[in-house]
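Report on the following structure.
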Amino acid sequence: MEQSEKLLKNKPYQLLISAQLISNLGDWLSILAVFTLVGLKWEATPLQVSLIILSLALPMTLLGPVAGVLADRWERKYIMIISDTARGFIIFGLVFANELWHVYSLLFGLGIFSALFTPAKNGKLKEIVPDYHMQQAASISSIIESGTKIIGPAVSGLLLALWSFKIIFILDAITFLLSVLLLLKIPANPSQILNEEHEENKLKKNFIKEMLDGFSFIKGIPAIMYGTLLMAVTMFVIQMSDSQFVTLFRELKEVSPRLIGTVMTASGAGFLVTGIILSKFEIKNAIKAMAGGILALGLGFGSLAILTDISLSNPMFWAPSITFLACVGAGYVFIPFQANVLKLTPEHMTSRTFGTIGSIMTFSSLVGPVAGGLLAEIFGVIPIFIITSSGLCLISVIAFILIGKIEAKKGEPYVTESNGEPQRRAEA
């Protein structure tokens, strides 16, 4: 508890998480609005609903490593400010969207600037938070994401009942601009304030080689390499069904925006509980925690599909309850992985590493919804959830097997290049 209090007294960290809090709240306001608008009001097909996530994921997949190199070269604070400013104007553009291609185009632009923001944010986190606070910092970040996921959809559902979709998009645009005001107060990193000669030398470096350094670094640490592989496969399987929740619940007679909003709120509550737990207790084996979390997710997805198939009454009770338990497990997948990568990655490689990992993750997020949408149109949405459930349970078993291999390789040295010089890193 004392360490958490000390972390929260870190002024730059306070500003960073405050900016995240405001921005995330706005995000969840608009996410429910977009899915409700496209999925229910416009009655889009499963494939068309999948393209919402695809529009966001494609630019993040393509630009992740590039954004990582940029954030390792330049001041991360200003990259975040530019990104949030642009995203505020893009979200405002949704006010004028009246066709699907308008939504897809704007979300694609949103994905471009999100690709720039995420590696810069993780790199800034590494700058301002010591390693012994890293899991707590990742957990608090998750608490914020989950808390806003609870509040955002609830507020969004209320606003949808009272006002129009346009009001929600305007509010989200404002949150990005408020986030910028907070980011302006975060101090710049002195090590990135460069003289002209140093800057000229940086520009002469091989940009592609710096991107490849991110892949080499990940490959050199078993805990990060296997964790990234595990996350990528898990994300692909999850996204096959995750983008189809609206379509799944359309099978129920009692479907409503309120049900969808409640389920989204329950998923946020699950992450919130895990974030609180992990802010108090240190995870000693990230892969083991991830394996258990994946199993909980698999069982949750399968249960939702079965109960929807039999049209069990009172979905306002069982759907949020199962989603909550599944997302408690999901928290044990994402939080330990992020904290572990932050701990094992040196500051000057953080953005490149997270840019590369983010690109891999979003590629899985890109392919998964498309595969899920196509298969759902062919076989139906319920079989897709059953397949997803089985796949996640299988991945969990494989993950437990991988733990032994990672422990066997623990302590092996690895070599990577930084600033043109080989360096020996810490143990995995």
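Along the sequence shown, the residues carry numbers beginning at 1.
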Nearest atoms (heavy-atom pairs only) where Ala296 meets Gly329: CB-CA, 3.8 Å
All pairs passing side chain to side chain donor-acceptor pair (under 3.5 Å) where residues 324-337 contributes a residue, at least two apart: none
Atom CZ of Phe324: over 12 foreign heavy atoms under 6.0 Å: yes
Sequence neighbours excluded - salt bridge (Lys or Arg N to Asp or Glu O under 4.0 Å) pairs with any residue from residues 321-346: Glu282-Lys343
Close side-chain approach of Phe334 and Met235, heavy atoms under 4.5 Å: yes
Distance-minimising heavy-atom pair for Gly227 and Phe337: C-CE1, 3.4 Å
Set of residues satisfying side chain to side chain contact (heavy atoms under 4.5 Å, CB included) with respect to Leu51, sequence neighbours excluded: Leu54, Tyr104
Minimum heavy-atom distance between Leu278 and Gln135, given as atom pair plus value: O-NE2, 2.9 Å
Contacts of type side chain to side chain contact (heavy atoms under 4.5 Å, CB included), residue Ala137, not counting sequence neighbours: Leu7, Tyr13, Leu125, Val129
Test: Lys124 and Glu75 ion pair at under 4.0 Å: yes
Sequence neighbours left out, cut at 3.5 Å: what donor-acceptor pairs do the side chains of residues 110-121 make with other protein atoms?
residue	atom	partner	partner atom	Å
Ser114	OG	Arg87	NH1	3.2
Ser114	OG	Leu110	O	2.9
Thr118	OG1	Ser114	O	3.1

Whether Thr353 side chain and Met349 backbone form a donor-acceptor pair below 3.5 Å: yes
Residues which pass ring-ring contact (aromatic ring centres under 6.0 Å, His included) with Phe92, listed by chain and number, not counting sequence neighbours: Phe96
Listed partners of Gln338 passing side-chain hydrogen bond (donor to acceptor under 3.5 Å, both in side chains), at least two apart: Asn122
Pair listing, side chain to side chain donor-acceptor pair (under 3.5 Å) test, anchored in residues 59-70, at least two apart: Thr61-Thr362
Non-neighbouring partners of Phe385 that pass ring-ring contact (aromatic ring centres under 6.0 Å, His included), sequence neighbours left out: Phe245, Phe301
Side chain to side chain donor-acceptor pair (under 3.5 Å) contacts in which one or both residues fall within residues 268-277, not counting sequence neighbours: none
Those residues that, when tested against Lys288, pass salt bridge (charged side-chain N to carboxylate O under 4.0 Å, His left out) (two or more places apart): none
Check: Gly292 main-chain N/O paired with Ser396 side-chain donor or acceptor under 3.5 Å: no
Donor-acceptor contact below 3.5 Å, side chain Asp72 vs main chain Arg352: yes
Residue pairs, two or more places apart or on separate chains, that pass side chain to side chain donor-acceptor pair (under 3.5 Å) and touch residues 170-183: Ser30-Asp172, Asp84-Ser179, Asp172-Thr175
